[in-house]
*Asks:* 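Mind looking over this structure? Questions follow.
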Amino acid sequence: MPQEFKKQYKEILEKYILRQTEHNLYEGQNISRQLIQKNISPEEVISIHKASLEEIMSDLPEEVWHSFDLLIEVMVRYGLALKEHQTLIQKQQNIKMEMELAANVQQTLLKTKVPNLVDLDIGMISVPAKEMNGDYTHFLHDSTHVGIAVADVIGKGIPAALCMSMIKYGMDSLDGAETNPVIVLDVINRIVEKSVSDSMFISMFYGKYDTSKSEFTYASAGHEPPLFYCSESSSFSELQAKGLLLGVIPNVKYEQHSIALKKGDFVVMMTDGVTECRSKEGFIEQQTIMDIIENVKDQCAQEMVEYVFHKLEELQDFEQRDDFTLVIFKKV
Amino acid sequence: MPQEFKKQYKEILEKYILRQTEHNLYEGQNISRQLIQKNISPEEVISIHKASLEEIMSDLPEEVWHSFDLLIEVMVRYGLALKEHQTLIQKQQNIKMEMELAANVQQTLLKTKVPNLVDLDIGMISVPAKEMNGDYTHFLHDSTHVGIAVADVIGKGIPAALCMSMIKYGMDSLDGAETNPVIVLDVINRIVEKSVSDSMFISMFYGKYDTSKSEFTYASAGHEPPLFYCSESSSFSELQAKGLLLGVIPNVKYEQHSIALKKGDFVVMMTDGVTECRSKEGFIEQQTIMDIIENVKDQCAQEMVEYVFHKLEELQDFEQRDDFTLVIFKKV
Amino acid sequence: MNLRSSVDIISEWDIVAARQLGRNEAKDVGFGTVDQARITTAISELARNIYLYAEKGNIEIKQISEGNLKGLLVIASDKGPGIADVRKAMEDGYTTSGGLGAGLPGVKRLMDDFKIETVVDEGTVITATKWMR
Amino acid sequence: MNLRSSVDIISEWDIVAARQLGRNEAKDVGFGTVDQARITTAISELARNIYLYAEKGNIEIKQISEGNLKGLLVIASDKGPGIADVRKAMEDGYTTSGGLGAGLPGVKRLMDDFKIETVVDEGTVITATKWMR
Ligand SMILES: [Mn+2]
Ligand SMILES: [Mn+2]
Ligand SMILES: [Mn+2]
Ligand SMILES: [Mn+2]
């Protein structure tokens with residue numbers, strides 16, 4: 001196989017030795033691309049070079065040819081490294097396929113349906129940093145209540161994804177959308193504490209909207225506080241609620257708070273993948289995030305979350321470092 | 001940095017041009033190892049070679065030096081491929097670490113305790129083919145019953161591992177060890193059918209041993225049939241039970257059967273990773289597996305399963321192709 | 001400094017012209033043979049990308065300095081289709097141009113600094129710098 | 001065929017002797033320069049492994065043929081500690097000898113057939129064959 005390239009290479013070499021034009025070097029570059037694609041190893045390239053030069057300048061002293069033999073000897077190891085690379089690329093592609101399949105399985109397992117309500121507009125986006133998502137969002141829904149869980153495993157990738165499945169089955173065991181946030185956190189905390197090793201922690205926010213009272217009740221297990229936008233005063237505030245991360249100790253007393261939502265008010269729930277976005281100049285300020293959200297406050301909730309994601313993606317130069325989840329509950 | 005090697009390389013080249021000994025080539029090989037370790041790219045090696053030769057044989061015609069410039073041009077791409085390799089090795093190591101962490105998380109999540117009974121000796125081994133296990137074993141236990149689930153997701157690796165967590169939470173939702181095998185399979189089947197995409201199937205065997213009657217009751221969802229060893233007749237037979245794989249359709253009628261266990265009798269439950277072991281000569285015969293088990297039938301159940309695993313590992317030349325799970329219930 | 005410091009890329013011949021310009025400037029700055037070959041390969045790859053995917057574009061080359069440091073700046077710009085998924089285009093082994101170590105990740109490796117600005121349906125500007133060590 | 005078809009590996013000098021023997025035999029079979037260098041590198045690596053990890057061992061080299069096919073067989077044997085985890089030793093990038101493409105996976109790549117038999121505390125026999133294309 002290297003022999004097919006011998007003739008081509010010799011021609012280029014012959015021309016280049018005669019006239020050192022850029023065009024001849026460009027041809028050298030092109031043949032190089034082909035050589036690599038055909039798995040011609042570097043020691044073979046040296047051998048082709050030597051043979052070509054022997055034919056073009058047969059009267060060179062013996063020593064020159066010997067020098068090439070040493071170069072071939074040295075290049076054998078470079079050829080080996082390159083072959084190792086090809087194996088690794090193959091392996092990498094297999095892993096990639098497995099990851100994609102796993103991400104699909106995860107999506108099917110953890111799928112949640114965004115409820116449709118008359119007086120509440122809901123938007124949701126969750127984008128993993130790697131193939132698999134270590135953020136988790138889950139909706140519960142009955143005729144008068146919507147429950148929303150937003151959780152984040154400390155860590156990313158496969159280990160985090162495995163943990164997430166646990167929360168899902170915990171949520172499935174709950175009685176329904178009416179359950180109070182502190183109860184939900186208590187149940188999930190006990191499950192997590194029992195099943196997960198000491199080094200794995202999960203932060204979780206749980207909110208419940210009651211249509212009959214236009215009231216949003218919430219509790220937090222060490223999770224990023226949501227932002228509340230008050231339409232009347234056109235201002236943002238944080239919804240604070242103290243509470244330990246899930247999985248640390250079995251008995252935790254969580255705080256529960258409520259606010260009334262008026263027309264145009266909205267709650268922005270998120271994971272730290274949103275607040276800890278970094279641009280080249282450092283962390284992005286909370287004010288920047290608020291400004292971005294306020295820009296689109298009159299659009300529908302789904303358009304809002306998507307706009308915020310794309311804006312922040314741009315600000316961080318398309319390098320997403322953490323799973324990104326954003327949910328908006330907007331009273332209409 | 002390449003300059004440190006220039007002097008060394010020139011010396012070797014000088015000696016080799018003078019006398020073409022194997023010892024000089026060996027030195028060339030050794031410097032090659034160092035060059036690679038110091039990330040000297042192949043185009044730099046050519047450049048070092050050219051510079052050395054220029055010093056040793058300064059009176060060579062101009063054309064020779066031009067020829068090296070073309071070779072450098074050609075080698076630049078080989079250097080790039082090598083740099084890509086270094087990145088990939090780093091990535092590969094990160095993935096390896098993530099997989100190991102994930103395997104740990106999985107083990108913690110899916111851990112099951114082998115029950116301790118007076119009249120039943122239990123042995124269990126489950127070894128994944130890759131980092132993560134797509135086989136699953138779970139014990140339920142009360143004062144008079146032991147339930148045992150052995151399941152296998154069609155597929156291996158991370159996607160299979162994610163599915164497995166589903167079975168675990170399904171099992172957790174069961175009432176206890178008294179539940180009948182057909183009920184267990186029915187519950188799990190509904191969960192799997194609901195949560196998993198159409199292309200994912202799971203085979204599962206469920207057995208329940210009742211201490212008060214010395215009776216083993218079982219049902220199967222398309223799973224590898226267990227072997228029953230009758231001590232009286234010193235013979236093996238298969239415990240057949242018809243039933244569709246989990247996750248195909250929501251309503252499946254599973255068959256339930258019972259056998260009495262007498263002293264010295266034992267039941268061998270397994271996944272297809274045991275029966276589909278391959279040696280160079282093809283699949284290993286069921287008779288071979290039975291012979292291996294019978295060899296150690298008087299040892300304790302845990303020793304039995306470990307012996308079988310090591311024997312089969314040897315027979316397949318240490319290349320484990322599928323997750324391997326083996327559980328023995330021996331009446332004592 | 002060279003007068004003609006920019007080459008329009010319309011035909012394959014312009015790839016060679018851009019290479020020639022880059023090599024001359026690199027030689028002029030004082031880069032050695034190996035670095036000249038690397039810079040030229042990077043320019044070649046950028047020009048080839050324009051020729052293959054954007055049809056029309058431009059390669060600009062500037063000698064630069066920062067304190068005592070001298071270097072070469074390469075700007076490849078086109079009004080082509082843009083790159084929809086930058087993350088993917090920068091991943092190793094996923095170049096459509098095929099082969100190991102090729103494509104944009106290759107250019108990034110050959111140079112010291114590398115920046116990419118792209119808008120779908122508007123075009124792409126890639127800026128790459130090589131400093132003399 | 002060469003009379004002295006085997007070399008004991010005790011000192012580093014014996015690595016060179018094994019290489020010399022391998023290269024002579026490879027030349028005799030009719031292998032080209034590149035394949036000679038590859039076979040010699042494989043022998044070098046096997047001999048070095050013996051020297052570093054087993055202290056004492058032997059490299060045997062045989063010319064072989066199968067029908068019209070001619071080839072070279074290399075047998076590296078030692079009574080060293082053996083290899084506890086063959087799977088790991090054959091994994092890329094996990095050689096203790098360091099460096100890319102080195103170690104046993106490298107030997108396997110340089111040759112056409114490769115077989116390893118090893119017992120912990122008893123020793124290792126590695127058989128590798130290269131056929132002439
Ligand atoms: Mn996380
Ligand atoms: Mn996070
Ligand atoms: Mn499986
Ligand atoms: Mn299996």
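Just so it is clear, the model here is predicted, and its values are computed rather than measured. Proteins come first, then strands; the chains are lettered A, B, ... in the order of their sequence lines, and each starts at number 1.
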*Asks:* For A:S41, is it the side chain, the backbone, both, or neither that has a heavy atom closer than 4.5 Å to a heavy atom of chain B?
*Replies:*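 Contact with chain B involves the backbone of A:S41 alone.
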
*Asks:* Which atoms of B:M166 come close to chain A, meaning under 4.5 Å heavy atom to heavy atom: side chain ones, backbone ones, both, or neither?
*Replies:* both

*Asks:* Under 4.5 Å from any heavy atom of chain A, what part of B:K111 do you find: side chain, backbone, both or neither?
*Replies:* side chain

*Asks:* Can you tell which part of B:L60 gets under 4.5 Å to a heavy atom of chain A, answering side chain, backbone, both or neither?
*Replies:*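 Looking at B:L60, just its side chain touches chain A.
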
*Asks:* Measure B:M164 against the heavy atoms of chain A and call it side chain, backbone, both or neither at under 4.5 Å.
*Replies:*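 Looking at B:M164, nothing touches chain A.
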
*Asks:* Which bit of B:L109 comes within less than 4.5 Å of chain A, counting heavy atoms only: side chain, backbone, both or neither?
*Replies:*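 Both backbone and side chain.
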
*Asks:* Rounded to the nearest 0.5 Å, what's the gap from CD on A:E84 to CG on B:L82? Could you check?
*Replies:*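 Reported to 0.5 Å precision, the distance equals 9.5 Å.
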
*Asks:* Suppose a student defines contact as a heavy atom less than 4.5 Å from any heavy atom of chain B. Which residues in residues 63-71 of chain A would they list?
*Replies:*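 Listed by number, the contacting residues are A:E63, A:V64, A:H66, A:S67, A:F68, A:D69, A:L70, A:L71.
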
*Asks:* CG/A:L35 to CE/B:M75 distance, rounded to the nearest 0.5 angstrom?
*Replies:*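 One finds 8.5 Å between CG of A:L35 and CE of B:M75.
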
*Asks:* Where on B:E98 is there a heavy atom nearer than 4.5 Å to chain A: the side chain, the backbone, both, or neither?
*Replies:* both

*Asks:* Name the region of B:K15, side chain, backbone, both or neither, that has any atom closer than 4.5 Å to a heavy atom of chain A.
*Replies:* neither

*Asks:* Is A:N24 in contact with chain B via its backbone, its side chain, both, or neither, using a 4.5 Å heavy-atom distance?
*Replies:*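 It is the backbone, since no side chain atom gets that close.
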
*Asks:* Atom NZ of B:K91 and atom CD1 of A:I95: how far apart are they, to the nearest 0.5 Å?
*Replies:*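 If we round to the nearest 0.5 Å, B:K91:NZ and A:I95:CD1 are 11.0 Å apart.
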
